[in-house]
Amino acid sequence: MIEPKKISKPQPDLARQVGIKAGRKLKAQRNAAPGVWFGLGMMGVIGWSVTVPTLLGAALGLWLDQRYPGGRSWTLALLVAGLTLGCLNAWHWVSKEDQAMRDEQENDDE
């Protein structure tokens, strides 16, 4: 006797399954609010973006003051220049991140 074949639903292929799971994961990430660690990481990045140019300016100023002594303080001038550059860098980075969050929120609202 011949056994009848069982009729089953066609299973989606692997690429489709992966696509569905990736879509769910991306949707969950978009709806999740940034946590405490995200905020601390952001503060760290902003802090370093100000600190590094300031310290580099001060180090270059000290080197110039030792090489070319004179009436001007290269250390102070380059420290202020590094601080200004670092603050502009941090401002640019924060405004870029803010714009990205606004764009993402607008896309979610549609």
Gln99 side chain to Asp103 side chain, donor-acceptor N/O pair below 3.5 angstrom: yes

Exercise answer: donor-acceptor pairs, residues 84-95 side-chain atoms, under 3.5 Å, sequence neighbours excluded:
from	atom 1	to	atom 2	distance (Å)
Thr84	OG1	Val80	O	2.8
Ser95	OG	Trp91	O	3.2
Ser95	OG	His92	O	2.9

Does one hydrophobic cluster hold both Leu76 and Tyr68, with members joined at side-chain heavy-atom distances below 4.5 Å? no

Restricting to salt bridge (Lys or Arg N to Asp or Glu O under 4.0 Å), what partner residues turn up for Arg67, sequence neighbours left out? none

Shortest non-hydrogen contact from Trp74 to Asp65? N-OD1, 3.0 Å

Using a 3.5 Å cut-off and no angle test, enumerate the donor-acceptor pairs between side-chain atoms of residues 44-62 and protein atoms at least two apart in sequence or in another chain.
from	atom 1	to	atom 2	distance (Å)
Ser49	OG	Val45	O	3.4
Ser49	OG	Ile46	O	2.8
Thr51	OG1	Gly47	O	2.7
Thr54	OG1	Val50	O	2.8

